[in-house]
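The structure appears right after this line, and notes come after that.
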Amino acid sequence: MPTPSRRPRTTAGGFVSGPLVGLGVAALLAACAQPAATGPGRPTQTVGPMRSVSAQPVAADGALECPATITDREGMTVPERPQGVDGNARLLPDREPDSLVVCSYPVLDMMNGSLTAPFRLKTRRVLSGGGRSEVVELLTWAPLDNLRSKACTAIGGDETVHLIGSRYRDAIVWVAAKADPNGCSKATNGDFVSSAAVGSLLDAIVDNRRDPAPTAACTGWGLGRLGDHLSLAPEGDPRVTVCRIRADGTEQPTRLSTGQSREVVAALRRLAVGVSDSGCSNTGDDHSRAFRLVLDYADGPAVWVNVSPTCAPQAFSSGLAADDAGSVIDLVEQWSPPIPGPDPDQPVSSDGSSGSRGSSGSGSITGSAGSGAPGGPGTPVPPVAPRNQNPYPPDVTVTTVP
């Protein structure tokens, strides 16, 4: 399922100040402009009712029929709430459906003017093979909404609401998600709500508009991971990579051993945490000790944790934040020491640069590893972590509604 590169799963979870931008280690400084991230109001996940499966319209191809119109511009309404499964557990069950259909409804058209409800079905896509697995992976691992407002850009562009209908032998689940140019929309199955901008990634998957996923350990972005509202290091046994900024501005990855990784993960899980705003406030000028942790799991997307002793909170991911991360910082520095900042007496070159990193040190990142809305130009769309096959372009049957 999507390992959004397996490691590129980052939006706010890996050096980001908003849901659209996945930054490199250096993005921590940009993130430091954001308000502190701890506080009450952590989301709770409940067990949902097991509704019986009712008869729903099925097309000749075996997939669910799409509603002819919808009325909810925000894309937070589904035709039916989950049936036959616990809808509060996740957006979609962690298994392949017998069929999966994506119904698309334009709700904002920048070229042809504003659209009004009811919004008509434009396309019906039946996915199979790799495309279907990608969508299942994307929705299966989407994180629970942490109840905090997103920091969003205000880019103008078309908006489309997608209804994803998954049919199983013993269950039916619909998911609603809106694709917007700012990646600020949420998704829901009627019980579970995710703040992940899955609608924009759906656009790229079903239209086969993926950019190559980054291969470097410290580059990429993501949407978070199911369970990141419970721990900075969600359940599992991930390997950890420490990412720091070199003098030339590139990121220096340090891959920890299995034993070292487990020590770091245990330290993360011991931290006192609160809800994350996916950013921090600058508390000092020396960011040479700042780094990013990439927690890479065997299944599903990676988790990104941004850490700096001169930011408040000192550690944050897409779901949670910790005001005091000193124990993690001291532990990580045993195997990945800070990279010193530039020499203040170093001469400035003719292009205005000092030939070294800026005064903010190794934690000062100003570039991004794939910026813009998910699926937009230059933004890597995470591939799936293969279940039974390698990621490959989706097999899609498309029906255009006149």
**Message:** For the CG atom of Leu91 and the CG atom of Leu144, what is their distance to the nearest 0.5 Å?
**Reply:** 9.0 Å
**Message:** For Arg269, give me all partners under salt bridge (Lys or Arg N to Asp or Glu O under 4.0 Å), at least two apart in sequence or on another chain.
**Reply:** none
**Message:** Quick one, Asp299 with Trp141, criterion side chain to side chain contact (heavy atoms under 4.5 Å, CB included). Give me CA distance, side-chain angles, the key distance, then yes/no.
**Reply:** CA-CA 10 Å; Asp299 237 353; Trp141 290 102; 4.3 Å; yes
**Prompt:** Taking only residues two or more places apart in sequence, or in another chain, which ones meet Arg51 in a side-chain hydrogen bond (donor to acceptor under 3.5 Å, both in side chains)?
**Reply:** Asp191
**Item:** Any donor-acceptor N/O pair, Ser317 side chain to Leu232 backbone, under 3.5 Å
**Value:** no
**Asked** Is there side-chain contact between His162 and Asp203, with heavy atoms separated by less than 4.5 Å?
**Response** yes
**Asked** Looking at Trp335 and Thr254, what are the two nearest heavy atoms and their distance?
**Response** O-CG2, 3.8 Å
**Asked** Any sub-3.5 Å donor-acceptor pair from Thr140's side-chain atoms to Pro93's backbone N or O?
**Response** yes
**Request:** Report the residues that fulfil side-chain contact (heavy atoms from CB on, under 4.5 Å) with Thr250, sequence neighbours left out, ordered by chain and then residue number.
**Result:** Arg246, Asp248
**Prompt:** Regarding Arg270 and Ser327, is there a side-chain donor-to-acceptor distance under 3.5 Å anywhere?
**Reply:** no
**Prompt:** Would you call Arg124 and Asp61 a salt bridge, using N to O less than 4.0 angstrom?
**Reply:** yes
**Contact check, side chains of Glu235 and Leu230, non-hydrogen atoms, under 4.5 Å** = no
**Item:** Spacing of CD belonging to Glu134 relative to CD1 belonging to Ile205, to within rounding of 0.5 Å
**Value:** 4.5 Å
**Item:** CZ-NZ distance between Arg73 and Lys178, expressed to the nearest 0.5 angstrom
**Value:** 7.5 Å
**Prompt:** Quick one: salt bridge (Lys or Arg N to Asp or Glu O under 4.0 Å) partners of Asp237, sequence neighbours excluded?
**Reply:** Arg262
**Message:** Using modelled atom types and a 3.5 Å cut-off, is there a donor and acceptor pairing between side-chain atoms of Asn146 and backbone atoms of Ser276?
**Reply:** yes
**Prompt:** For Val161 and Phe119, what are the C-alpha separation, side-chain angles and deciding distance, and is it a side chain to side chain contact (heavy atoms under 4.5 Å, CB included)?
**Reply:** CA-CA 9 Å; Val161 170; Phe119 305 103; over 6 Å; no
**Message:** Any heavy-atom pair between the side chains of Val332 and Val307 that's under 4.5 Å?
**Reply:** no
**Minimal non-hydrogen separation, Ala68 against Tyr105, with atom names** = O-CE2, 4.0 Å
**Item:** Nearest atoms (heavy-atom pairs only) where Ala197 meets Gly183
**Value:** CB-O, 3.2 Å
**Complete:** The side-chain hydrogen bond (donor to acceptor under 3.5 Å, both in side chains) partners of Asp72 (sequence neighbours excluded) come to Thr77
**By side-chain contact (heavy atoms from CB on, under 4.5 Å) - contacts of Ser261 (at least two apart)** = Arg239, Val240, Leu256
**Asked** Could you state the interatomic distance from CD1 (Ile70) to CG (Leu121), rounded to the nearest 0.5 Å?
**Response** 9.0 Å
**Item:** salt bridge (Lys or Arg N to Asp or Glu O under 4.0 Å) against Glu80, all qualifying residues, sequence neighbours excluded
**Value:** none
**Prompt:** Given Asp158 and Leu108, is the side chain to side chain contact (heavy atoms under 4.5 Å, CB included) satisfied, shown in steps?
**Reply:** CA-CA 5 Å; Asp158 296 346; Leu108 180 61; 5.7 Å; no
**Message:** Do Leu64 and Trp174 have side chains that approach each other closer than 4.5 Å (heavy atoms only, starting at C-beta)?
**Reply:** yes
**Distance (rounded to the nearest 0.5 Å) between Thr241 OG1 and Trp304 CH2** = 9.0 Å
**Request:** Determine yes or no for a side-chain-to-main-chain donor-acceptor pair under 3.5 angstrom, with Asp180 supplying the side chain and Ser185 the backbone.
**Result:** yes
**Prompt:** Between Arg90 and Phe192, is there a donor-acceptor pair closer than 3.5 Å when you use the side chain of the first and the backbone of the second?
**Reply:** no
**Prompt:** For the atom pair OG (Ser308) and CG (Asn282), what is the distance rounded to the nearest 0.5 Å?
**Reply:** 7.5 Å
**Prompt:** Is Arg81 reaching over with its side chain to a backbone N or O of Gly190, donor-acceptor style, under 3.5 angstrom?
**Reply:** yes
**Message:** Val198 vs Ile164, test: side chain to side chain contact (heavy atoms under 4.5 Å, CB included). Steps then yes/no.
**Reply:** CA-CA 11 Å; Val198 298; Ile164 303 94; over 6 Å; no
**Item:** Side-chain heavy-atom pair Pro97, Val136 within 4.5 angstrom cut-off
**Value:** yes
**Complete:** In short, Val242 meets Ser336 closest at the heavy-atom pair CG1-OG, 3.4 Å
**Complete:** The side-chain hydrogen bond (donor to acceptor under 3.5 Å, both in side chains) partners of Ser54 (sequence neighbours excluded) come to Gln83
**Prompt:** Under the side-chain hydrogen bond (donor to acceptor under 3.5 Å, both in side chains) test, which residues partner Asp228, sequence neighbours left out?
**Reply:** Ser318
**Tyr297 (side chain) donor-acceptor with Pro234 (main chain) under 3.5 angstrom** = yes
**Side-chain heavy atoms of Pro338 within contact of Glu333, under 4.5 Å** = yes
**Prompt:** Taking side chain as C-beta onward, heavy atoms only, is Pro106 less than 4.5 Å from Arg120?
**Reply:** no
**Prompt:** Any side-chain heavy atom of Asn189 within less than 4.5 Å of one from Leu139?
**Reply:** no
**Request:** Please check if any side-chain donor atom of Ser133 sits under 3.5 Å from a side-chain acceptor atom of Glu96, or the reverse.
**Result:** yes
**Message:** I'd like to know if the side chain of Arg292 reaches the main chain of Cys218, judged simply by a donor and an acceptor atom lying under 3.5 Å from each other, with no hydrogens or angles considered.
**Reply:** yes
**Request:** Kindly say whether Arg169 contributes a backbone atom to a donor-acceptor pair with the side chain of Asp98 at under 3.5 angstrom?
**Result:** yes
**Fill in**
Residue pairs meeting salt bridge (Lys or Arg N to Asp or Glu O under 4.0 Å), one or both in residues 304-317, sequence neighbours left out, come to none
**Fill in**
Residues pairing under disulfide bond (SG atoms under 2.5 Å apart) where one sits in residues 59-90, two or more places apart or in two chains, turn out to be Cys66-Cys103
**Fill in**
Residues Val294 and Ala302: closest non-hydrogen pair is CG1-CB, 4.2 Å
**Item:** Exam field: side chain Arg225 to backbone Pro301, donor-acceptor pair closer than 3.5 Å
**Value:** yes
**Item:** Those residues that, when tested against Asp330, pass salt bridge (Lys or Arg N to Asp or Glu O under 4.0 Å) (two or more places apart)
**Value:** Arg289
**Asked** Where is the tightest heavy-atom contact between Arg125 and Val206, given as atom of each residue plus distance?
**Response** CD-CB, 3.5 Å
**Request:** State plainly whether the residues Asp170 and Arg95 are in salt-bridge range, i.e. N to O under 4.0 Å.
**Result:** yes
